[in-house]
Amino acid sequence: MIKVAPSILSADYVNLQKDIEKVDKGGAEYLHIDIMDGSFVPALSYGPGWVKAIRPITDMVLDVHLMVDQPERYIDTFADAGADIIGVHAEATPHIHRALQMINNKNVGAEVVINPGTPVSFIEPVLHMVKQVLVMTVNPGFGGQKFLPETVEKIAQLNQIKQEKGLDFDIEIDGGVNSETVVAAYKAGATVAVAGSYVFNADDPVAKINSIKDATK
Ligand code: DX5
Ligand code: ZN
């Protein structure tokens, strides 16, 4: 069964605590927090203050996805705010190895993220350093986009490298995930599924979490 990481990007910001408690009680293992800088991606979202505010209200794994240029500028701040996992895009810095070292030095789970157009080979040299790899299943920047099926092959490639090298990172997918699209990704080796609009735009978010889990039994 896949672990589920609801993305608060599609939550009700005015009633955020209510939405977070709902998915926490509903069995979500992670809470996915999307940080957008208006440069690496066009949109602006929110900053470390949100992570700090959320930290005391839940024990879920706080999974912080940095869609920002030169993410190494913000690693210490998000670690100190209470992130459990910090994800940095391989495309966002010429120093991905250093960025992952910085995350590990803060004793936070290090995650490397790749866009749909970035091959797995690009991150092979750093796979031994990470707790999680995030394979974007849409182009980053917005919720509510359509899952790109061509990304599934990259999940399978990563899973193969994982077995061959005896590594034990999680493989997370993000973008366009629902109870149908998750199936092929799960079969290919995905272990964590981010879901934003599918969960929070529904009348019953917990039913949507369960439907993702049921589809991957
Ligand atoms: C997109 C973000 C996602 C987003 C997913 O750039 O990284 O985490 O919230 O939204 P859905 O699940 O609606 O595609
Ligand atoms: Zn995300």
Quiz item: Run the side-chain contact (heavy atoms from CB on, under 4.5 Å) check on Val4 and Val192 step by step: do they pass?
Solution: CA-CA 6 Å; Val4 179; Val192 185; over 6 Å; no

Does the side chain of Val64 come within less than 4.5 Å of Val51's, by heavy atoms? yes

Checklist line | Geometric cation-pi criterion, Lys3 with Tyr30: 6.0 Å, 45° | finding: no

Checklist entry - Does Asp34 use its side chain to pair, donor to acceptor, with the backbone of Leu9 at less than 3.5 Å? => result no

### Message
Tell me whether Asp80 is salt-bridged to Lys52, with the criterion being a basic N under 4.0 Å from an acidic carboxylate O.
### Response
no

Donor-acceptor pair, side chain of Lys154 and main chain of Thr118, under 3.5 angstrom:
yes

Short side-chain to backbone donor-acceptor contact, Ser179 and Ile212, under 3.5 Å: no

Quiz prompt | Cluster overlap Leu134 with Ile103, hydrophobic side-chain contacts below 4.5 Å | solution = no

Check: Are the side chain of Tyr186 and the backbone N or O of Thr216 linked by a donor-acceptor pair below 3.5 Å?
Finding: yes

inquiry  = Looking at Phe40, is its backbone amide N or carbonyl O close enough to the side chain of Asp37 to form a donor-acceptor pair, meaning the two atoms are under 3.5 Å apart?
reply    = yes

> Under a 4.0 Å N-O cut-off, is there an ion pair linking Lys131 with Glu172?
Replying inline: no

*Is a side-chain N or O of Asp174 found less than 3.5 angstrom from the main chain of Val194, in a donor-acceptor match?*
no

For Lys213 and Gly27 the tightest heavy-atom approach is CE-O, 3.7 Å

Checking Gln163 against Asn159: is there a side-chain donor and acceptor pair closer than 3.5 Å? yes

d(Ile57 CD1, Leu16 CG) to nearest 0.5 Å is 6.5 Å

message: If we ignore hydrogens and angles and just use 3.5 Å, is the side chain of Arg55 paired with the main-chain N or O of Thr58 as donor and acceptor?
response: yes

CG (Asp69) and OG1 (Thr93) are apart, to the nearest 0.5 Å, by 9.0 Å

In terms of hydrophobic clustering (I, L, V, M, F, W, Y; side-chain heavy atoms under 4.5 Å; direct or indirect links), are Phe142 and Leu148 co-clustered? no

Between the CG atom in Asn115 and the CZ atom in Phe122, the distance rounded to the nearest 0.5 Å is 10.5 Å

TODO: Would you please say whether a donor-acceptor pair under 3.5 Å links the side chains of Ser10 and Tyr198?
DONE: no

### Message
Tell me whether the rings of Phe78 and Tyr74 are parallel (<30°), tilted (30 to 60°) or perpendicular (>60°).
### Response
perpendicular

(Q) I'd like to know if the side chain of Thr137 reaches the main chain of Gly175, judged simply by a donor and an acceptor atom lying under 3.5 Å from each other, with no hydrogens or angles considered. (A) yes

Smallest heavy-atom separation, Glu111 atom then Leu100 atom, equals O-CD2, 3.7 Å

One should read off an interatomic distance between Glu29 CD and Asp59 CG, to the nearest 0.5 angstrom, of 13.5 Å

For Ile86 and Ala79, the nearest pair of non-hydrogen atoms, with its separation, is CD1-N, 3.7 Å

All heavy atoms of Ala184 vs all of Val152, minimum pair found to be O-CG1, 3.8 Å

Exercise for review: Tell me, with the steps shown, if Lys187 and Ile155 meet side-chain contact (heavy atoms from CB on, under 4.5 Å).
Suggested key: CA-CA 9 Å; Lys187 284 188 183 146; Ile155 300 167; over 6 Å; no

ask   = More than 12 heavy atoms of other residues, nucleotides or ligands under 6.0 Å from CD of Glu180: is that the case?
value = no

* To do: State yes or no: do Met129 and Val108 share one hydrophobic cluster built from I, L, V, M, F, W and Y residues joined by side-chain heavy-atom distances below 4.5 Å, directly or via other members?
  => yes

- Message: If hydrophobic clusters are built by linking Ile, Leu, Val, Met, Phe, Trp and Tyr wherever their side-chain heavy atoms come under 4.5 Å apart, do Val88 and Leu158 end up in the same one?
- Response: yes

* **Val113 and His65: CA distance, side-chain angles, deciding distance, side-chain contact (heavy atoms from CB on, under 4.5 Å) verdict** => CA-CA 8 Å; Val113 189; His65 176 191; 3.9 Å; yes

Heavy-atom nearest pair, Ile209 first then Ala28, reads CD1-CB, 4.1 Å

Quick one, Glu124 with Lys165, criterion side-chain contact (heavy atoms from CB on, under 4.5 Å). Give me CA distance, side-chain angles, the key distance, then yes/no. CA-CA 11 Å; Glu124 237 186 295; Lys165 296 195 174 169; 3.6 Å; yes

Assign the ring pair Tyr46 / Tyr13 to parallel, tilted or perpendicular, where the plane angle (0 to 90°) is split at 30° and 60°.
perpendicular

Determine, using the 4.5 Å side-chain heavy-atom cutoff (strictly less than), whether Val61 and Ile35 are members of one ILVMFWY cluster.
no

Thr191 side chain reached by Phe169 side chain, heavy atoms, under 4.5 Å:
no

Here the gap from Ile161 atom CD1 to Leu167 atom CG, rounded to the nearest 0.5 Å, amounts to 9.0 Å

Discussion item. With a 4.5 Å cut-off on side-chain heavy atoms, are Phe147 and Val138 touching?
Written reply: no

| said: Could you check whether any side-chain heavy atom of Ile54 comes within less than 4.5 Å of a side-chain heavy atom of Leu62, counting everything from C-beta outward? | reply: yes

*Does the side chain of Leu31 reach to within under 4.5 Å of the side chain of Asp63, using non-hydrogen atoms?*
no

d(Asn105 CG, Ile75 CD1) to nearest 0.5 Å is 10.0 Å

Heavy atoms of Pro125 and Ser121 approach each other most closely as CD-O, 3.7 Å

Taking the side chain as everything from C-beta on, heavy atoms only, tell me whether Ile114 gets closer than 4.5 Å to Glu91. yes

Practice item. Look at atom CZ of Arg73 and say whether more than 12 heavy atoms of other residues, nucleotides or ligands are closer to it than 6.0 Å. Key: yes

Check the surroundings of atom CD in Glu21: do more than 12 heavy atoms from other residues, nucleotides or ligands lie under 6.0 Å from it?
yes

Practice prompt. Indicate yes or no: does Lys208 engage Asp203 in a salt bridge with an N to O separation below 4.0 Å.
Written response: no

